[in-house]
Structures are given as structure tokens and as C-alpha cells.
Chemist: 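Handing you this structure, nothing more for now.
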Amino acid sequence: MSIAVAVPTGNIAKFLLPKLISSGEEIIVLTRSPHKLDPLLKDKVKVEVGALEDAGFVERATKGVDALYWLNPGNKKAEDVHGWYKLYGQSVSNAVERNEIKYVVNISTIIPEVVEAGVADGIVHVEEYLNRTNANVVHLRPGFFLENILAQKEDLKTKGIISFPIPPNRPIAFIATSDIAEVASQYLLKRDWSGKQIHVLHGAEDITFEEAAKRLGKVTEHELNYVFISLEDFFQNLLDKGVTEAAALGYTDIYRSMHLPREVEGERSPRTTTSTTVELWGKNVLRPNLGSI
């Protein structure tokens, strides 16, 4: 029995891979950056090097596998965001159909209830392609990754701030990527489910960024404040960093959707609630990353 893992160096896969390896099944990883693989895990998996948008590569790399973990990387150089994700959808669905892969765990995103939500809408195309296959498919739709905060650790250290273009009073479904990995591993290893499913993951609780900053400050023993940045400034910052206008708009529109008066997708339930609180994540992940501040 074998399981293929796309994007094995991502925030979710670094927790997922050890769980899958410990099962004793053959694990195949699909990556364009093999040098980024954990050296402790590299010798325990079969490495296939290539790009996920290359349908031929994905088909060859997944031949004979029983289950597939699929994640759709962004592309900050994309000139057509929807076209980019359709390319992923075509690539993965081709491999699933031609190789008769029976189980697919697709990492999607909580879908805003708006007409246009940029990259989030683009990712839906992948769901649509996979739903046309004969495989059993579960689309995991997690909330806001707590790991997104790690990209700002220099500002956390030097300025004591967290900043996003999300209204400070807007409740957010924060989730730790380790919890997403736990759910994904259960689907990939048990394979006792069938059909096409959507599994929303809300994290431990919905709280605002202002409250999250306070809690994270407490567990890291450093005063942290949330600073709201405008959508216009966020968009311009992306352009200044060399992101294409189309991609910058795609990422900005995700946050734009979070300015609308809507509830987080789906009703919170034991099935959608995961165990890692903001405080626990701050203690176990953020604090070690910040070191002495």
C-alpha cells in the first residue's frame, strides 16, 4: 500500500509525513524542492522531483498509489489566478483518473459566501475537477492558519505587532496546521470512507485578532498588539515585492471577503472543532520561533 504526498515541505506536511511514515506504508513525495525535505525523513520516503502543474509528472509519480494528499501552492507570478488553479485541477484529476487512485485528501480553504474571493475562489476549481473523478475525495476546508503569523516574526520581535488586512473586531477561525495534519492522516490511513465530502475545520474557537494578539503576548511574555492595515496598502505592498497585479488582487480579495458581514462557513460542531488553542500554539510554536524577545 502506498500514499503520495504533494508539497511535502509545507506547514501541514511537516506534521503529516511523520504520521504517515510511522504507519509502515510506502510514502512517495512530490516536490520541486527536494533540498527542503527534512533530512531525518528524506531516506524514509521515495522522492519524485517535479512541478505539480506538470500533468505528465504527477501522473508518473503517482502511478500505483492507493491514496493521495494534495495541496495547491500559490503562484505570486501568476497572470491569471483562476487559470493557474484550473491547471492544478487538470493535473491532479488526470493522475487520479489514469492511475485509478481510490482516495484523495485535498487541502482547500474555508469558502467565503461571496461572488469573488480571489485565490479562495481559484482553489474551488480544484475541488470541481476532483469531484468529476471516480475517486473518494474529501476536501478539507480549514480556517486561518496560525502559522501565517510566523511570517511576521521580525515585526513581532522588533515592534511587538501583528498586522493583517482583517478588521480587528472580526472573529476568525484560527487553526494550527498540526491539527489539519491529524485530520488528513486519519482519512489517508483509515480509508474507511467513500464518496465526495467537504470537511470544514474551524480550529478551537473563533476569536478576533485583537484577542489573539493579547493571548499570544501573554504566553510569549511579550506585549503584542494587532495593527490593522488597509486593503489598499496590503495590495500595494504585494506589488512592491514583485507580485503580479493579478496575484496581488487574488490575495487581497481573500481579505476583502473578510470585511463582509457573514458567518464563518458552516456551523461549528465537534467534527469541525480541533484541539489546539491560540494559547497552546503560541506556547508550543510561536514562543520557540521568537526565542528571547
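For this chain, numbers begin at 1 and follow the sequence in order. Keep in mind that this is a model prediction, so the values were computed, not measured.
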Chemist: So, S33 side chain and H35 main chain: donor-acceptor pair closer than 3.5 Å or not?
Modeler: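 No.
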Chemist: Have N136 and S194 got a donor and an acceptor in their side chains that come within less than 3.5 Å?
Modeler: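 Absent: no donor and acceptor within the cut-off.
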Chemist: Side-chain heavy atoms nearer than 4.5 Å, only ILVMFWY residues, links allowed to pass through others: does that put L224 and V227 together?
Modeler: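 In one cluster with L224: V227, no.
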Chemist: Can a donor-acceptor pair be found between the side chains of T273 and H202 at a distance below 3.5 Å?
Modeler: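 No, no side-chain donor-acceptor contact under 3.5 Å.
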Chemist: Please tell me whether L17 and F145 are part of a single hydrophobic cluster in this structure, the criterion being side-chain heavy atoms less than 4.5 Å apart.
Modeler: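 Hydrophobic grouping puts L17 with F145.
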Chemist: Parallel, tilted or perpendicular: which one describes the rings of Y88 and Y85, with boundaries at 30° and 60°?
Modeler: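 Geometry flag for Y85 against Y88: tilted rings.
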Chemist: Distance check, rounded to the nearest 0.5 Å: Y251 atom OH versus L249 atom CG?
Modeler: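 Rounded to the nearest 0.5 Å, the OH-CG separation comes to 12.0 Å.
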Chemist: Taking atom types as modelled and ignoring hydrogens, do the side chains of T62 and N99 form a donor-acceptor contact shorter than 3.5 angstrom?
Modeler: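 Checked: T62/N99 side chains pair up, N/O donor to acceptor below 3.5 Å.
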Chemist: Would you kindly confirm whether W70 and F57 end up in one hydrophobic cluster when ILVMFWY residues are joined by side chain heavy atoms under 4.5 Å apart?
Modeler: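 Looking at the clustering, F57 is in the same group as W70.
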Chemist: Do I3 and L68 have side chains that get closer than 4.5 Å, going by heavy atoms?
Modeler: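 With C-beta onward as the side chain, the pair stays apart.
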Chemist: Hydrophobic cluster membership, with links at side-chain heavy-atom distances under 4.5 Å among I/L/V/M/F/W/Y: are L189 and L201 in one?
Modeler: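 Same cluster.
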Chemist: Side chains of E182 and Q186: do they bring a donor and an acceptor to under 3.5 Å?
Modeler: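 The criterion, which ignores hydrogens and geometry beyond distance, is satisfied for Q186 and E182.
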Chemist: According to salt bridge (charged side-chain N to carboxylate O under 4.0 Å, His left out), does anything in residues 62-76 pair up with another residue at least two apart or in another chain? List the pairs.
Modeler: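 Of all non-adjacent pairs touching residues 62-76, none passes salt bridge (charged side-chain N to carboxylate O under 4.0 Å, His left out).
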Chemist: Any chance you could lay out the salt bridge (Lys or Arg N to Asp or Glu O under 4.0 Å) test for E223 and K218, step after step, and finish with the verdict?
Modeler: CA-CA 7 Å; E223 182 179 353; K218 185 176 181 180; over 6 Å; no
Chemist: Strictly below 4.0 Å, N to O, side chains only: are E205 and R268 in salt-bridge contact?
Modeler: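 Judged by the 4.0 Å cut-off on N to carboxylate O distance, E205 and R268 do not form a salt bridge.
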Chemist: Going by side chain to side chain donor-acceptor pair (under 3.5 Å), name the residues that satisfy it together with S91, two or more places apart in sequence or in a different chain.
Modeler: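 Result, side chain to side chain donor-acceptor pair (under 3.5 Å) vs S91: none returned.
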Chemist: Between H125 and H82, is any side-chain donor less than 3.5 angstrom from a side-chain acceptor?
Modeler: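 Short answer, yes.
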Chemist: Going through the distances and angles, do F164 and F228 end up as a ring-ring contact (aromatic ring centres under 6.0 Å, His included)?
Modeler: CA-CA 6 Å; F164 284 95; F228 168 72; over 10 Å; no
Chemist: Looking at R215 and E211, is there a salt bridge between them, counting it only when a charged N and a carboxylate O are closer than 4.0 Å?
Modeler: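 R215 and E211: salt-bridged.
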Chemist: Is the NZ or CZ atom of R132 both under 6.0 Å from the centre of the six-membered ring of Y129 and within 45° of that ring's axis?
Modeler: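 Yes, R132 sits over the ring of Y129.
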Chemist: Between Y103 and Y69, is the gap from one ring center to the other below 6.0 Å?
Modeler: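 Distance test on ring centres: not under 6.0 Å, no.
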Chemist: Can you confirm whether the side chains of N131 and E127 place a donor and an acceptor under 3.5 Å from each other?
Modeler: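 No, E127 and N131 have no side-chain donor paired with an acceptor closer than 3.5 Å.
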Chemist: Can you spot which of L238, L239, L231, N237 makes a side-chain contact (heavy atoms from CB on, under 4.5 Å) with F235?
Modeler: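 Per the side-chain contact (heavy atoms from CB on, under 4.5 Å) rule, the option paired with F235 is L239, out of L238, L239, L231, N237.
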Chemist: Of all residues at least two apart in sequence or in a different chain, which pass the side chain to side chain donor-acceptor pair (under 3.5 Å) check with E147?
Modeler: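 Per chain and number, E147 pairs via side chain to side chain donor-acceptor pair (under 3.5 Å) with T177, W281.
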Chemist: For V219, does its backbone N or O pair with a side-chain atom of R287 as donor and acceptor, under 3.5 Å?
Modeler: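 Present.
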Chemist: Under the salt bridge (Lys or Arg N to Asp or Glu O under 4.0 Å) rule, what do K46 and E48 come out as? Steps first, then yes or no, please.
Modeler: CA-CA 7 Å; K46 179 181 178 182; E48 297 284 356; 3.7 Å; yes
Chemist: Hey, quick one: are L280 and V183 part of the same hydrophobic cluster, counting side-chain heavy atoms closer than 4.5 Å, chains of contacts allowed?
Modeler: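 Different clusters: L280 never reaches V183 through Ile, Leu, Val, Met, Phe, Trp or Tyr contacts under 4.5 Å.
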